[in-house]
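Reading through the structure tokens given below for one structure.
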Protein chains: 2
Amino acid sequence: MVHRRDAAATREAILRAGVEAFTRAGYDGVGVREIAAAAGVTAMLVNRYFGSKEGLFAEVVDVSVTERTVLGSEPRTLAHDIAAALVRRTAPAADTLDPFLLVLRSAANPRAAEILRAGIEKHVEKHALEVSGASRPDVAIALALINGFWLMRTVIGSTALTEADEAALTDRLEQLFHILLT
Amino acid sequence: MVHRRDAAATREAILRAGVEAFTRAGYDGVGVREIAAAAGVTAMLVNRYFGSKEGLFAEVVDVSVTERTVLGSEPRTLAHDIAAALVRRTAPAADTLDPFLLVLRSAANPRAAEILRAGIEKHVEKHALEVSGASRPDVAIALALINGFWLMRTVIGSTALTEADEAALTDRLEQLFHILLT
DNA sequence: GTCTATATAATGATAGAC
DNA sequence: GTCTATCATTATATAGAC
């Protein structure tokens with residue numbers, strides 16, 4: 001880092017550390033001290049730039065849910081692309097840092113859940129509606145399936161999913177997404 | 001309570017308070033003091049009877065995941081019964097205290113996640129395999145769908161699911177479970 | 001712009017009295 | 001069998017120095 005006193009750079013460093021920490025450990029699983037240390041500053045600056053832990057989390061959600069990690073933008077192969085990306089990114093050795101993990105690991109906190117709901121509806125559902133042309137409930141069910149699969153395979157670590165044949169998993173998921181999104 | 005000094009009754013009261021508290025707030029969202037107070041005792045007795053907060057959680061998971069709240073036992077109407085129970089129990093006004101909520105709200109904690117994985121594989125997946133006759137991966141995907149739907153409709157509160165027509169939701173879910181479990 | 005130091009509250013767990 | 005009292009740690013957030 002060139003400038004040790006650069007408000008914009010410091011703010012950005014805290015935000016990036018926040019994305020990493022909240023995604024890895026969830027809202028309740030990490031403290032502002034830890035986030036600040038990862039950004040190379042003290043905890044005081046987190047509150048200075050973001051008001052509070054909750055304020056930082058809100059910005060983290062905003063930048064995270066605008067990323068596209070599973071939902072593609074090609075309507076013709078949508079079901080297959082989602083299924084393949086989902087199986088690939090939830091593989092046991094993948095160790096991804098995905099926005100869906102941020103949702104799954106922070107949802108237990110009521111305030112975090114409300115922030116997540118707003119971000120998901122504003123960005124993720126909106127994007128999925130535009131790309132797929134499916135109905136709003138069907139898009140929401142598809143998102144539920146993605147979240148649930150991510151939860152069971154990565155966060156819980158169900159051996160029925162971690163040890164399953166990946167091609168078979170992909171085929172079955174593609175079949176389900178085909179019903180929901182076409 | 002008849003006896004103010006009854007080890008078995010006290011232990012049972014703490015366990016029941018633990019089920020309620022962990023299901024409502026998740027592993028990290030509740031303290032042993034709060035659980036003890038709900039059981040009418042002091043925090044010290046939680047550790048006395050269960051060793052630690054983690055020990056209590058392990059027993060809570062064990063009694064919770066043996067409950068059957070969504071998965072029925074009638075193979076012929078399985079897909080419909082699951083879909084209907086899922087939509088009914090996740091209704092906005094339902095305010096249920098369901099084992100799936102215990103999973104969703106506690107999964108962020110790594111130790112809790114491992115305890116949950118063991119309980120799910122030993123009881124829930126095993127039961128679902130016996131009832132449905134489906135393959136192990138298909139059963140696991142069905143469980144993922146149930147968890148994801150519960151997460152998005154109840155914990156996150158996605159309006160796309162809370163405001164959707166319940167009959168339409170049920171029909172669509174039944175279609176998906178029919179593929180997975182028959 | 002960033003720090004040290006601190007206020008205040010809550011956490012999980014334990015010692016020892018009765 | 002259950003309590004009070006307490007330890008050690010951690011949490012978020014703030015005051016004031018430089």
Side-chain angles (χ1 to χ4, degrees), chain A residues 1-22 24-61 105-106 108-115, chain B residues 1-22 24-61 105-106 108-115:
Chain A
M1 209 177 297
V2 182
H3 308 289
R4 278 178 56 209
R5 299 189 167 212
D6 180 335
T10 299
R11 205 190 130 91
E12 182 64 22
I14 294 171
L15 186 58
R16 276 187 291 115
V19 170
E20 198 279 335
F22 284 133
R24 177 177 39 77
Y27 184 81
D28 287 331
V30 67
V32 291
R33 279 177 182 77
E34 193 178 338
I35 296 172
V41 297
T42 63
M44 200 234 115
L45 291 192
V46 174
N47 290 326
R48 174 164 172 79
Y49 286 112
F50 298 92
S52 65
K53 181 186 183 182
E54 193 176 327
L56 171 60
F57 182 75
E59 287 217 31
V60 164
V61 169
R105 294 198 169 119
S106 301
N109 186 292
R111 286 187 190 139
E114 170 54 26
I115 294 169
Chain B
M1 207 177 299
V2 181
H3 306 291
R4 279 177 57 207
R5 299 189 168 213
D6 180 336
T10 299
R11 205 191 130 91
E12 182 65 21
I14 294 171
L15 186 58
R16 277 188 290 115
V19 170
E20 197 280 336
F22 284 133
R24 175 178 40 77
Y27 185 81
D28 287 332
V30 67
V32 291
R33 280 176 179 76
E34 193 177 338
I35 296 172
V41 297
T42 62
M44 199 236 118
L45 290 193
V46 174
N47 290 327
R48 174 161 172 78
Y49 285 114
F50 297 92
S52 66
K53 181 186 182 182
E54 194 177 326
L56 171 60
F57 182 76
E59 288 217 29
V60 164
V61 169
R105 295 198 169 119
S106 301
N109 186 292
R111 288 190 189 135
E114 170 54 25
I115 293 169

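Numbers restart at 1 for each chain; the letters A, B, ... are given by sequence-line order, proteins then strands.
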Atom-to-atom span, [atom1] of [X] to [atom2] of [N] - whole angstrom:
{"X": "A/I35", "N": "D/dA13", "atom1": "CD1", "atom2": "C1'", "answer": "14 Å"}
{"X": "B/D28", "N": "C/dT11", "atom1": "CG", "atom2": "P", "answer": "12 Å"}
{"X": "A/M44", "N": "D/dG16", "atom1": "CE", "atom2": "P", "answer": "13 Å"}
{"X": "B/R33", "N": "D/dT10", "atom1": "CZ", "atom2": "P", "answer": "16 Å"}
{"X": "B/L45", "N": "C/dA15", "atom1": "CG", "atom2": "C1'", "answer": "14 Å"}
{"X": "A/E34", "N": "D/dT10", "atom1": "CD", "atom2": "P", "answer": "11 Å"}

Take a 6.0 Å sphere around CZ of B/R24 and say whether it holds more than 12 heavy atoms from other residues, nucleotides or ligands.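 Yes, because the 6.0 Å sphere around CZ of B/R24 holds more than 12 heavy atoms from other groups.
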Rounding to 0.5 Å, atoms CZ (A/F50) and CG (A/L15) come to a distance of 5.0 Å
Here the gap from A/R11 atom CZ to A/R48 atom CZ, rounded to the nearest 0.5 Å, amounts to 12.0 Å
Base-pair string, DNA chain D, Watson-Crick plus G-U, cut-off 3.5 Å on both distances, | for inter-strand, is ||||||||||.|||||||
Within residues 46-58 of chain A, those residues having any heavy atom closer than 4.0 Å to DNA chain C are A/R48, A/Y49
Shortest non-hydrogen contact between [X] and [Y], atoms and distance:
{"X": "B/A25", "Y": "B/V30", "result": "CB-CB, 4.3 Å"}
{"X": "A/V41", "Y": "A/T10", "result": "CG1-CG2, 4.0 Å"}
{"X": "B/A17", "Y": "B/I35", "result": "CB-O, 3.6 Å"}

May I ask you to decide if B/D28's main-chain N or O and B/K53's side chain share a donor-acceptor pair within less than 3.5 Å? no
- prompt: What orientation do A/F57 and A/Y27 show, parallel under 30°, tilted 30 to 60°, or perpendicular over 60°?
  reply: perpendicular
Answer yes or no: does a side-chain N or O of A/T42 lie under 4.0 Å from OP1 or OP2 of C/dT4? no
